[in-house]
Asker: 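First the structure, which I've put down as structure tokens, then a few questions once you've had a look.
Each chain gets a letter, A, B and so on, in the order its sequence line appears, and its residues count up from 1.
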Amino acid sequence: MREMAKAADLLEWYDRHARDLPWRVRPAARANGVVADPYRVWLSEIMLQQTTVAAVKSYFQTFTARWPTVQDLAAARDEDVMAAWAGLGYYARARNLLKCARVVADEHGGLFPADHATLLTLPGVGAYTAAAVSAIAFDLPEVVVDGNVERVMARLFDEHTPLPAAKPILTQHAASLTPDTRPGDYAQAVMDLGATICTPKRPACGLCPWRRNCAAWAAGTAPELPKKSPKKKKPVRLGIAYLARRVDGAMLLERRPDKGLLGGMLGWPGSEWDDAPAEAPPIRAEWKTVAGEARHTFTHFHLRLTVRTALVPMDRQPTRGEFLTRDEFSPADLPTVMRKAFDLAQGA
DNA sequence: CAGGCGTGGAG
DNA sequence: TCTCCAAGCCT
């Protein structure tokens with residue numbers, strides 16, 4: 001009979017293999033009493049939601065350099081934070097990030113709460129993030145379950161029930177392994193294991209400290225776990241974007257409404273995105289159509305964007321949006337799909 | 001509870 | 001080119 005996996009074995013592995021990440025206090029430093037800054041832990045966890053470590057790194061550096069404390073972030077202008085988040089995706093995270101920073105600054109004296117229940121009340125903080133902050137920043141023995149942990153547990157216990165139905169049982173398994181000593185390091189250790197060894201494809205089982213305890217390794221089923229319910233196919237939608245340049249170089253842009261796709265972000269005025277978009281020019285002009293199209297894939301549909309451009313005089317007033325001067329606007333402030341439209345118009 | 005919500009990298 | 005997917009949250 002296989003022996004039950006032990007947290008201590010994983011912690012031993014983590015002590016030797018922990019990745020050096022900008023938001024992480026390494027195990028050796030933790031042993032010397034260094035504690036994590038809850039602000040940095042929270043910020044990193046929000047950025048890491050459904051987002052790779054590689055994509056997050058530079059954004060984390062930018063944010064912490066510009067807004068070193070939660071009070072600094074709470075005092076920031078909305079448009080500056082949205083611009084700094086541009087390109088990272090899931091923009092509701094940025095809107096909730098600001099809301100949360102202001103709640104912590106105004107209602108919690110600038111200190112992040114440590115307990116799971118209070119963390120859960122914060123905007124953008126769900127079950128995973130609350131547990132992660134509680135464990136990593138305050139070393140409390142919360143059960144941290146993200147996609148990595150789900151995969152590790154599904155394999156360790158050879159659980160074939162597909163996600164998301166399997167979530168409760170996988171959480172129970174995770175709870176059974178969570179230790180009272182070094183829970184913060186343990187949480188990061190399981191996620192590191194999932195990210196580097198117990199990977200979705202071609203897991204490196206030969207290097208796994210829990211191999212001898214792994215039911216899926218014994219059964220040879222590790223690579224096919226966890227099972228997932230089948231996903232839907234993405235429809236194609238069409239759209240038209242209007243890039244108006246004023247003679248002084250200012251560009252006509254529009255702040256998108258807070259709710260919905262790309263909420264709160266800058267974008268080009270345009271048509272609806274559907275099967276047969278109607279023309280919707282935001283200003284009277286001689287529009288020229290750029291050859292080709294900007295293609296972009298969102299979570300649930302593919303977009304093919306036709307780009308029209310125009311040069312307009314200083315005194316012409318738009319019916320939508322507003323002109324932003326060269327000083328007020330950089331293409332880097334745009335979400336990627338809008339930047340693609342800009343690049344296409346530039347001939348890039 | 002299923003669907004909305006981004007993006008870039010890997011295979 | 002296409003599919004999968006990465007430290008989820010909200011409604």
Asker: Considering every strand and a 4.0 Å limit on heavy-atom distances, what is the contact class for A/Ser44: base, sugar-phosphate, or nothing?
Answerer: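 The answer is nothing, as A/Ser44 stays clear of every strand by at least 4.0 Å.
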
Asker: Would you check if A/Asp258 and A/Arg95 make a side-chain contact, meaning some heavy-atom pair closer than 4.5 Å?
Answerer: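 Side chain of A/Asp258 against side chain of A/Arg95, heavy atoms only: contact under 4.5 Å found.
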
Asker: Identify whether any heavy atom of A/Ala127 sits under 4.0 Å from a base atom; if not, whether one sits that close to sugar-phosphate; answer base, sugar-phosphate or nothing.
Answerer: sugar-phosphate

Asker: May I have the step-by-step check of side chain to side chain donor-acceptor pair (under 3.5 Å) for A/Ser134 and A/Asp115, ending in yes or no?
Answerer: CA-CA 6 Å; A/Ser134 205; A/Asp115 68 290; over 6 Å; no

Asker: On DNA chain B, nearest-nucleotide positions of A/Leu88 versus A/Lys232: which is more 5'?
Answerer: A/Lys232

Asker: Would you please test A/Glu279 and A/Tyr242 for side chain to side chain donor-acceptor pair (under 3.5 Å) and show each step?
Answerer: CA-CA 10 Å; A/Glu279 292 291 341; A/Tyr242 301 87; 2.4 Å; yes

Asker: Is there a side-chain polar atom (N or O) of A/Gln50 under 4.0 Å from OP1 or OP2 of C/dG8?
Answerer: yes

Asker: What is the separation between atom CZ on A/Arg19 and atom P on C/dA6, rounded to the nearest whole Å?
Answerer: 13 Å

Asker: Do A/Tyr59 and A/Trp85 make the cut of ring centroids closer than 6.0 angstrom?
Answerer: no

Asker: Could you tell me how far B/dG8 sits from C/dC9 if I compare only their P atoms? Round to whole Å.
Answerer: 22 Å

Asker: Using a cut-off of 4.0 Å on non-hydrogen atoms, how would the nucleic acid contact of A/Val56 be classed: base, sugar-phosphate, or nothing?
Answerer: nothing

Asker: In terms of the nearest nucleotide of DNA chain C, which residue is placed more toward the 5' end: A/Gly126 or A/Thr199?
Answerer: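 This one resolves to A/Thr199.
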
Asker: Just call it for A/Thr336: base, sugar-phosphate, or nothing, with non-hydrogen atoms closer than 4.0 Å on any strand.
Answerer: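 The residue A/Thr336 makes sugar-phosphate contact but no base contact.
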
Asker: Name the nucleic acid region contacted by A/Leu303, choosing base, sugar-phosphate or nothing; use a 4.0 angstrom heavy-atom cut-off, strictly under.
Answerer: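 Since no nucleic acid heavy atom lies under 4.0 Å of A/Leu303, the category is nothing.
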
Asker: Taking the nucleotide of DNA chain C with the closest heavy atom to each, which residue, A/Pro123 or A/Val53, is nearer the 5' end?
Answerer: A/Val53

Asker: Once the angle between the rings of A/Tyr186 and A/Trp210 is folded into 0 to 90°, is it parallel (under 30°), tilted (30 to 60°) or perpendicular (over 60°)?
Answerer: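 Taking A/Trp210 first and then A/Tyr186, their aromatic rings sit tilted (interplane angle of 30° to 60°).
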
Asker: NA contact type, A/Pro164, heavy-atom cut-off 4.0 Å: base, sugar-phosphate, or nothing?
Answerer: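 Nothing: the residue A/Pro164, judged by heavy atoms under 4.0 Å, touches no strand.
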
Asker: Contact class for A/Trp23 vs. all strands (heavy atom < 4.0 Å): base, sugar-phosphate, or nothing?
Answerer: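 Counting heavy atoms under 4.0 Å across all strands, the contact made by A/Trp23 includes a base.
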
Asker: Round to the nearest Å and state the distance from A/Arg95 atom CZ to C/dG8 atom P.
Answerer: 19 Å

Asker: Under 4.0 Å, counting only non-hydrogen atoms across every strand here, what does A/Gly260 touch: a base, just sugar-phosphate, or nothing?
Answerer: sugar-phosphate

Asker: By the 4.0 Å heavy-atom rule, please label A/Val337 as base, sugar-phosphate, or nothing.
Answerer: sugar-phosphate

Asker: Here's one to test your reading of the geometry: is the NZ or CZ of A/Arg212 within 45 degrees of the ring axis of A/Trp13 and under 6.0 Å from its centre?
Answerer: no

Asker: Find the distance A/Glu150:CD to C/dA6:C1' and express it as a whole number of Å.
Answerer: 12 Å

Asker: Rounded to whole angstrom units, what separation is found between the CZ atom of A/Arg151 and the C1' atom of C/dC5?
Answerer: 10 Å

Asker: Rounding to an integer number of Å, can you tell me how far A/Asn96 CG sits from C/dC10 C1'?
Answerer: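 Computing the A/Asn96:CG to C/dC10:C1' distance gives 8 Å.
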
Asker: Ring centres of A/Phe298 and A/Phe301 under 6.0 Å apart?
Answerer: yes

Asker: Rounded to whole angstroms, how far apart are NZ on A/Lys259 and C1' on C/dT11?
Answerer: 9 Å

Asker: Do A/Arg24 and A/Gln188 get their side chains close enough for a donor-acceptor pair, meaning under 3.5 Å?
Answerer: yes

Asker: First contact, last contact: which nucleotides of DNA chain B are these for chain A, 5' to 3', heavy-atom distance under 4.0 Å?
Answerer: B/dG3 to B/dG8

Asker: Under 4.0 Å between any heavy atoms, over every strand shown, what does A/Gly194 touch: base, sugar-phosphate, or nothing? Just pick one.
Answerer: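 The answer is nothing, as A/Gly194 stays clear of every strand by at least 4.0 Å.
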
Asker: Nearest-Å distance, OH (A/Tyr90) to P (C/dA6)?
Answerer: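 Rounding to the nearest Å, OH of A/Tyr90 and P of C/dA6 are 12 Å apart.
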
Asker: Whole angstroms only, please: what is the CG-P distance between A/Leu163 and C/dG8?
Answerer: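 Taking CG of A/Leu163 and P of C/dG8, I get 12 Å after rounding.
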
